[in-house]
Visitor: 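Sending over a structure as structure tokens; questions will come in a sec.
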Amino acid sequence: MKLYKRNIAVLLACTVFAILAPSCQNAARPLTAAKRNENATRPFTHTNFINSPDYRFTRDMWSNDDRLAAANGKNSRVDILVGVQRGRLYVNDEIALDFPACTGKAGHETPLGSFRIQEKDRDHHSSSYGYVVDHKDDTVNADATPSSKIPPGGRYIPASMPYWMRINGPVGLHEGAVYRDSNSHGCVRIPVEACKILFNKLTVGSRVNVLP
């Protein structure tokens, strides 16, 4: 009888675990908006995405694979929305990708207007900003310029700006740290996953609109 009770208890515990395990896994590994779009039984539309309460602060991206596949430099444009710190890739005037962005902070605001990509450089480095390291290669100034003081044995290292797309003088789109508020020196920082797509799909001459 004790063995029977123990088996019943084990069976009940296994049943409960089998029921709860999927939800536990989902809680530990939350799906991104893009994954929800792929896996949902009903399409997770862009309207659903932008109407979600955390849209302004989420780092999730939304995409439409068919539209991305059709994207090229002639039928695509990018809108950077400073107010919500997001970017959108349009293909034939339909949204193909919605991604987080980080524009210029106070005193270094990203200029508003309509621009075109003037230059692309996969491994670009800034001519205006970087950081200073000492003789041990430890960073002593993380927000330096070429004129910043260099300690004995130290050096100035220009900031890396991968997937660079120049739009206006020293301002461009590039991969970089993306905060959920304006924090750059004027450029538009974009997560690497989105920046790779833009770099590969857009060409010199593609339109980039920076909007309030």
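Counting from 1, the numbers follow the sequence of the chain as shown.
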Visitor: Let me check something: do Val204 and Val208 share a hydrophobic cluster, defined by ILVMFWY side-chain heavy atoms less than 4.5 Å apart, either directly or through other members?
Guide: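 No, separate clusters.
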Visitor: Would you say Leu173 and Met161 are hydrophobically clustered, going by side-chain heavy atoms of ILVMFWY under 4.5 Å?
Guide: no
Visitor: Give, for atom SG of Cys102 and atom CD1 of Ile190, the distance between the pair rounded to the nearest 0.5 Å.
Guide: 10.5 Å
Visitor: Dump the intermediate steps for side-chain contact (heavy atoms from CB on, under 4.5 Å) on Tyr131 and Asn141, then the final yes or no.
Guide: CA-CA 5 Å; Tyr131 58 100; Asn141 184 351; 6.0 Å; no
Visitor: Atom OG in Ser206, atom NZ in Lys74: separation rounded to 0.5 Å?
Guide: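 Taking OG in Ser206 and NZ in Lys74, the distance rounds to 10.5 Å.
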Visitor: Please round to the nearest 0.5 Å and tell me the distance separating atom CG of Leu198 and atom CD of Glu193.
Guide: 11.5 Å
Visitor: So that I can tick it off, tell me whether Asp137 and Arg155 are bridged by a salt bridge, with the cut-off set at under 4.0 angstrom between side-chain N and carboxylate O.
Guide: yes
Visitor: Show your reasoning for whether side-chain contact (heavy atoms from CB on, under 4.5 Å) applies to Ile117 and Thr203.
Guide: CA-CA 7 Å; Ile117 294 176; Thr203 60; over 6 Å; no
Visitor: Could you please spell out the steps behind the side-chain contact (heavy atoms from CB on, under 4.5 Å) verdict for Asp143 and His185?
Guide: CA-CA 10 Å; Asp143 191 20; His185 285 108; 2.9 Å; yes
Visitor: Is there a side-chain contact between Phe44 and Trp62, using heavy atoms and a 4.5 Å cut-off?
Guide: yes
Visitor: Quick check: do Val210 and Pro111 have side-chain heavy atoms less than 4.5 Å from each other?
Guide: no
Visitor: Flag the pair Tyr179 / Arg189 as yes when at least one side-chain heavy-atom distance between them is below 4.5 Å, and no otherwise.
Guide: yes
Visitor: Kindly say whether Asn72 contributes a backbone atom to a donor-acceptor pair with the side chain of Ser76 at under 3.5 angstrom?
Guide: yes
Visitor: Taking the side chain from Thr110 and the backbone from Gly186, do they hold a donor-acceptor pair closer than 3.5 Å?
Guide: yes
Visitor: Counting only heavy atoms not in Lys105, do more than 12 sit closer than 6.0 Å to its NZ atom?
Guide: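 Result for NZ/Lys105: enclosed.
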Visitor: Which atom names give the shortest non-hydrogen contact between Asp121 and Phe199, and what distance separates them?
Guide: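 So the two residues come closest at N-CE1, 3.7 Å.
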Visitor: Only one of Arg59, Arg67, Arg86 clears salt bridge (Lys or Arg N to Asp or Glu O under 4.0 Å) with Asp98; which?
Guide: Arg86
Visitor: If you group Ile, Leu, Val, Met, Phe, Trp and Tyr by side-chain heavy-atom gaps below 4.5 Å, do Ile150 and Tyr129 land in one group?
Guide: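 Ile150 and Tyr129: separate clusters.
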Visitor: Please give me the minimum heavy-atom distance between Cys187 and Pro170, naming the atom from each residue.
Guide: SG-O, 3.6 Å
Visitor: Please check if the side chain of Glu94 supplies one atom and the backbone of Val91 the other of a donor-acceptor pair under 3.5 Å.
Guide: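 No; zero donor-acceptor contacts below 3.5 Å.
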Visitor: Any chain of hydrophobic side-chain contacts (each under 4.5 Å) joining Val178 to Leu97?
Guide: no
Visitor: For the residue pair Arg166 and Glu119, what are the closest heavy atoms and their distance?
Guide: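 So the minimum-distance heavy-atom pair works out to NE-OE1, 2.7 Å.
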Visitor: For Tyr90, is the NZ or CZ atom of Arg77 found under 6.0 angstrom from the centre of its six-membered ring and inside 45 degrees of the ring axis?
Guide: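 That pair qualifies as a cation-pi contact.
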Visitor: Same cluster or not: Val78 versus Trp164, using hydrophobic residues (I, L, V, M, F, W, Y) connected whenever any side-chain heavy atoms lie under 4.5 Å apart?
Guide: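 Per the 4.5 Å side-chain linkage, Val78 and Trp164 are not co-clustered.
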Visitor: Under a 4.5 Å cut-off applied to non-hydrogen side-chain atoms, are Leu112 and Pro212 in contact?
Guide: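 They are in side-chain contact.
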Visitor: Nearest heavy-atom pair of Asp60 and Phe49: which atoms, and what distance?
Guide: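 Closest approach of Asp60 to Phe49, heavy atoms only: O-CZ, 3.6 Å.
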Visitor: Could you tell me whether a side-chain N or O of Lys201 sits under 3.5 Å from a main-chain N or O of Leu68, the two making a donor and an acceptor?
Guide: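 Checking the backbone N and O of Leu68 against the side chain of Lys201, a donor-acceptor pair under 3.5 Å is found.
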Visitor: Please name the pair of heavy atoms, one in Gly130 and one in Tyr156, separated by the smallest distance, quoted to 0.1 Å.
Guide: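 Closest approach of Gly130 to Tyr156, heavy atoms only: N-OH, 3.1 Å.
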Visitor: If the condition is side-chain contact (heavy atoms from CB on, under 4.5 Å), which residues does Leu81 pass it with, not counting sequence neighbours?
Guide: Asp79, Val84, Arg88, Leu211
Visitor: Does any N or O in the side chain of Asp138 come within less than 3.5 Å of the main-chain N or O of Asp134, such that one atom is a donor and the other an acceptor?
Guide: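 Between the backbone of Asp134 and the side chain of Asp138 there is no qualifying donor-acceptor contact (under 3.5 Å).
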Visitor: Taking the side chain from Arg207 and the backbone from Arg116, do they hold a donor-acceptor pair closer than 3.5 Å?
Guide: no
Visitor: If we only count heavy atoms from C-beta on, is the Gln118 to Ile167 side-chain gap below 4.5 Å?
Guide: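 Contact flag for Gln118/Ile167 side chains = no.
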Visitor: Counting distance only, does the side-chain N/O of Asn51 pair as donor-acceptor with the main-chain N or O of Thr47 below 3.5 Å?
Guide: yes
Visitor: Suppose we screen for side-chain contact (heavy atoms from CB on, under 4.5 Å). Which residues come up paired with Ala159, at least two apart in sequence or across chains?
Guide: Ser126
Visitor: Any donor-acceptor pair under 3.5 Å linking the side chain of Ser184 with the backbone of Thr103?
Guide: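 Side chain of Ser184 to backbone of Thr103: a pair is present.
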Visitor: I'd like to know if the side chain of Thr139 and the backbone of Ala142 have a donor-acceptor N/O pair within less than 3.5 Å.
Guide: no
Visitor: So, Tyr163 versus His174, ring centres under 6.0 angstrom or not?
Guide: no
Visitor: To the nearest 0.5 Å, what is the distance between CG on Asp123 and OG on Ser160?
Guide: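 If I round to the nearest 0.5 Å, the distance is 7.0 Å.
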Visitor: Looking at every heavy atom in both Arg56 and Arg180, which two are closest together, and how far apart are they?
Guide: NH1-O, 2.9 Å
Visitor: Distance-only, no hydrogens or angles: does the Ser114 side chain make a donor-acceptor pair with backbone N or O of Asn209 under 3.5 Å?
Guide: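 No; judged by distance alone, with no hydrogens or angles, the pair does not exist.
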Visitor: One pair to check against side chain to side chain donor-acceptor pair (under 3.5 Å): His46 and Asn64. What are the steps and the verdict?
Guide: CA-CA 9 Å; His46 186 253; Asn64 181 295; over 6 Å; no
